Each structure stands twice: as structure tokens, then as C-alpha cells.
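All remarks here apply to the structure that follows.
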Amino acid sequence: MGKVVALKCVTCRKTYDPGEIDYTCPACGPLRGTLEVLYDLDRLRKTFNRESLRTNRTNSHWRYLPILPIEKPEYIQPLAVGWTPLYRSPVFEQQWHLHRVWIKDDGRNPTASYKDRASAVAIVKALEKGATVVTAASTGNAASSWAAFTALAGLETVIFVPRNAPRAKIAQLLLFGARVLQVEGNYDEAFDLCVRAAEQWGWYNRSTALNPYLGEGKKTAALEICEQLNWQVPDVVIVPVGDGCIIQGMWKGFRDFYQLGFIERLPRLIGVQAEGSAPLVRAWEQGSDIAEAVRPRTLADSIAVGIPRDQVKALRAVRESGGKFIAVKDEEILQAVQLLARKSGIMAEPAAAAALAGLKSLVEQGELHEGEQVLLQVTGNGLKDIDGVLQAVSRAPLRIEVSLKAVEQALQQP
Ligand SMILES: *Cc1c(COP(=O)(O)O)cnc(C)c1O
Ligand SMILES: [Zn+2]
């Protein structure tokens with residue numbers, strides 16, 4: 001038997017053999033029937049522990065290989081994913097009277113977003129299956145990440161992106177050599193089209209939530225946080241949310257480490273959505289476990305999702321953790337882009353800065369207590385969406401002649 005002992009439907013709880021199914025539970029359908037990846041934790045515990053990690057020299061998320069769903073490690077691609085920096089921010093601690101504010105910068109991944117954690121795992125699963133053509137639908141980051149890994153592995157790649165995908169993400173896709181289909185529609189429409197095309201032509205699909213192994217890749221940031229903080233878990237972890245795969249993946253990571261005895265407690269997870277694209281916030285407030293579809297309207301393209309594909313796991317994760325979902329306005333996201341840049345030196349794309357906007361909102365609502373330790377998960381680099389982040393600044397460069405006089409005049413301007 002392989003490492004993954006079963007795939008379990010989150011709704012009907014039926015378990016499947018990993019060899020028998022690739023995506024979602026046929027009985028429950030793609031949205032309700034997402035699958036959870038199960039390991040034999042009792043067996044793992046014997047060889048995988050804090051001590052084995054202490055002597056592990058791998059500086060990427062592959063240091064957690066024992067608890068990742070990889071059967072053939074020879075298919076791992078040589079791009080350094082994860083083990084991203086974790087910074088402390090004394091400025092935000094003082095500003096909001098918090099004991100600790102940590103920032104984990106996943107813009108430092110090879111294609112500059114959190115999605116590399118999932119692509120790194122998905123490419124191995126695609127190769128294990130013998131795939132030759134692969135696909136994904138994405139607001140941009142998942143696709144550009146996937147295209148890098150599939151290029152390395154030499155697979156033909158067909159990508160579906162929405163009409164409004166930022167130029168830098170398209171540039172990445174084209175450079176990595178993917179066939180890019182820019183759909184005359186939004187992300188939700190691109191997603192459905194990709195699923196139909198994959199079924200029609202038998203392509204391997206990396207689209208979020210549908211593929212059960214993505215959340216496994218996405219859990220590794222949580223594992224890193226535990227280890228980087230020397231097994232002291234933050235009280236609150238704030239995560240930007242679109243489909244909900246990152247937040248549920250992080251919860252899986254914390255839970256795995258808790259069950260394995262690496263950590264003694266679990267954090268509260270706060271999911272932050274953009275107000276114009278907040279189906280999970282709405283479901284949360286209504287106490288519903290089904291998110292009603294919305295037409296997304298936000299400048300934070302990576303979280304512009306009207307039908308969150310990982311909604312069952314995401315809502316459950318936040319509920320189990322004792323956290324909540326909150327919405328922030330686009331203006332607040334833009335302010336956060338600027339604040340994060342100026343107070344922490346991190347240039348984040350708008351979706352990624354939503355975590356900081358969420359922190360500010362929680363403080364203002366009195367939801368956090370002095371003495372609490374908070375972690376912001378930054379999910380993507382600002383260079384990915386130059387037009388988006390430029391909206392966060394009002395100043396333009398001053399054009400001057402080549403003279404000291406012109407410099408002097410320029411310095412006198414406000
Ligand atoms: C994908 C993405 C998110 C949201 O992740 P989900 O798994 O869709 O919730 C947030 N920020 C960035 C930068 C992303 O690329
Ligand atoms: Zn089911």
C-alpha cells in the first residue's frame with residue numbers, strides 16, 4: 001500500500017482507494033464531494049517527529065515529505081518551494097497593541113505565489129498517473145505556477161484564465177510555454193469550461209479543490225509556521241480567501257501536526273474575503289454550510305471567486321478552529337498594500353494584502369486581545385499585478401531636467 005491510505009468524501013464520508021478516483025466523490029458531485037487525503041498517522045509517528053526534522057537539511061517544503069501524498073519522489077521537480085521567510089513586525093505590534101505580529105511571505109516562492117506549494121505536489125501526481133497533457137483554470141497565480149512545473153516536466157499544458165487576468169501572470173504563462181485560453185468570462189466560467197474540456201480530452205486537471213492533492217501541498221505553510229516558531233503556534237492566523245483551498249489546507253497542516261504531537265494547540269483561523277466577492281462571509285454569517293454564488297467584483301483578482309470550490313472544507317476549517325470569515329473593502333485592501341510595503345518592506349499583490357486589511361479590521365472591531373500572537377499569511381508578490389498595486393499610491397515620479405536646480409525645485413514640492 002502507498003502512503004495515502006484513503007480519500008474520504010467530506011460530505012457522505014465514503015472512503016475511496018487512491019487508485020480508484022482522481023477528483024471528487026461521484027455520489028456528492030464536485031462542490032460537495034471534495035475529498036480528504038488520509039495517511040496512517042500511527043505508523044508515521046514512529047519515524048517522523050520533531051527530532052527527525054531537527055536533523056533534516058532540506059530547505060524547502062519537501063522537508064515534510066513523509067506527510068505529503070507522494071508515492072514516487074523521483075518525480076519531484078527541482079524548484080525550491082516553501083520554507084519562505086517568517087518576519088516579526090514590531091511596527092504592527094506597537095500600532096495595534098499586540099504581543100506578536102508575524103508575517104509569512106509566500107511571494108518568495110519560485111513563481112511568486114503560494115500556489116507553488118500545490119503545483120509542486122500536483123505535478124508529481126500527474127506524472128505518477130502518466131499524464132501527457134495537463135490543464136488548470138485559474139485567476140492567474142495557480143496557472144502561472146502550474147505552467148512552470150509542467151514546463152520542467154515536459155508536459156503539454158492548456159490553461160484557462162478569465163478575461164481580467166493581470167498581464168504579469170499572462171506573461172509568466174506565455175514564457176513557460178503554456179497554451180493560454182483567455183476565456184470571455186470570469187474565473188467561475190473559466191473553471192467550468194476547463195472541467196468540461198478536461199473530461200472531453202482526458203487531461204489531468206490541477207483546478208482547485210477538485211484535485212484533492214492541492215490542499216496537501218497548501219498545508220505546508222502551516223507546518224513551516226509551527227517549526228519556524230519553534231513549535232509555538234500563533235493564536236490567530238489570517239488568510240486571504242477565494243476558493244478556500246489555502247485556508248482549509250493550512251488547517252489540515254495544523255491538524256496533522258497536532259495529531260502527530262508536534263504542537264500542543266491549534267490557532268483560530270480568520271478567512272478574509274473582498275467585500276465584492278464574499279460568498280463565504282455570507283454563508284458564515286447565515287450559519288449555512290453552502291455558499292450562495294455571487295458575481296465577483298473586486299480589484300483583488302486572486303480572490304475574485306463567485307463559487308468557492310473548496311467551500312465545504314473551508315467553512316468547516318474555520319468553524320472547527322473557532323475563527324471566522326470577514327470581509328474587507330477594496331479601499332481597505334489598497335491601504336493595506338501600501339501599509340505592508342511601507343512598514344514591512346513586503347510588496348504584496350492586492351489579494352495577499354487583504355490579510356493585513358483583515359487584521360486592521362479585527363483590531364478595530366475589538367476581536368483581538370492584547371497579548372495575542374497573530375500571523376498574517378501573505379500569499380503573492382505585488383509584481384504579479386502592477387496595475388493593481390499602483391492604485392495604492394497617489395504619487396507619480398517627478399520628471400526633471402538633468403540639473404541640481406531641478407532637483408532642488410522638486411524637493412520643495414509637497
Ligand atoms: C489563490 C490565491 C488566494 C486565495 O486562495 P484560495 O485557495 O483560492 O482561497 C489568495 N491570494 C493569492 C495571491 C492567491 O493567488
Ligand atoms: Zn460523497
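Nothing here was measured: the structure is a model prediction, and the numbers come from that model. The residues of the chain are indexed from 1 along the displayed sequence. Note that ligands are numbered from 1 as they come in the structure, with each ligand's atoms numbered from 1 the same way.
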Relative to the heavy atoms of [X], which atoms of ligand 1 are at a distance of less than 4.0 Å?
{"X": "Lys115", "answer": "1 (C), 2 (C), 3 (C), 5 (O), 14 (C), 15 (O)"}
{"X": "Lys218", "answer": "7 (O)"}
{"X": "Gly242", "answer": "4 (C), 6 (P), 8 (O), 9 (O)"}
{"X": "Gly380", "answer": "13 (C)"}
{"X": "Ala351", "answer": "11 (N)"}
{"X": "Asn141", "answer": "13 (C), 14 (C), 15 (O)"}

Please determine whether the number of non-hydrogen atoms from other residues, nucleotides or ligands lying under 6.0 Å from atom [atom1] of [X] exceeds 12.
{"X": "Arg100", "atom1": "CZ", "result": "yes"}
{"X": "Glu320", "atom1": "CD", "result": "yes"}
{"X": "Arg167", "atom1": "CZ", "result": "no"}

When you measure from atom 5 (O) of ligand 1 to every protein heavy atom, which one gives the shortest distance, and what is it? Ile246 CD1, 3.3 Å

Give the residue and atom name of whichever protein heavy atom lies nearest to atom 13 (C) of ligand 1, and the separation in Å to one decimal. Thr379 OG1, 3.2 Å

Check for me: within less than 2.8 Å of the Zn ion (ligand 2), which protein N/O/S atoms show up? Cys9 SG, Cys12 SG, Cys25 SG, Cys28 SG

Heavy atoms only, cut-off 4.0 Å: how does [X] contact ligand 1, side chain, backbone, both, or neither?
{"X": "Asp243", "value": "both"}
{"X": "Cys245", "value": "both"}
{"X": "Lys384", "value": "neither"}
{"X": "Ile303", "value": "side chain"}

For the residue pair Trp146 and Tyr204, does the interplanar ring angle fall in the parallel (under 30°), tilted (30 to 60°) or perpendicular (over 60°) class? tilted

Would you say Arg63 and Ser52 are linked by a side-chain donor-acceptor pair, where the criterion is simply a distance under 3.5 Å?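 No, no side-chain donor-acceptor pair sits under 3.5 Å.
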
His99, Gln373, Arg265 screened by side chain to side chain donor-acceptor pair (under 3.5 Å) with Asp235, the one that passes: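 That would be Arg265; it is the only one of His99, Gln373, Arg265 passing the side chain to side chain donor-acceptor pair (under 3.5 Å) with Asp235.
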
Are the ring centres of Phe92 and Tyr87 closer than 6.0 Å? no

Go through it in stages, so that I can follow the logic: the residues are Asp106 and Thr84, the test is side-chain hydrogen bond (donor to acceptor under 3.5 Å, both in side chains), and I'd like the CA-CA distance, side-chain angles, deciding distance and then a yes or no. CA-CA 6 Å; Asp106 260 69; Thr84 54; 3.0 Å; yes

Cation-pi geometry met for Arg309 and Phe191 (6.0 Å, 45°):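 Relative to the ring axis of Phe191, which defines the angle, Arg309 lies inside both limits.
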
Cation-pi check, Lys46 onto Phe48 ring (under 6.0 Å, within 45° of axis): no

Report the C-alpha separation of Lys219 and Gln248 in whole Å, then their side-chain angles, then the decisive distance to 0.1 Å, and conclude whether the side-chain hydrogen bond (donor to acceptor under 3.5 Å, both in side chains) test is met. CA-CA 8 Å; Lys219 79 185 177 186; Gln248 71 83 4; over 6 Å; no

Does Gly244 come within less than 4.0 Å of ligand 1, judged by its heavy atoms? yes

Hey, is the main chain of Ala291 close enough, under 3.5 Å, to the side chain of Gln311 for a donor-acceptor pair? yes

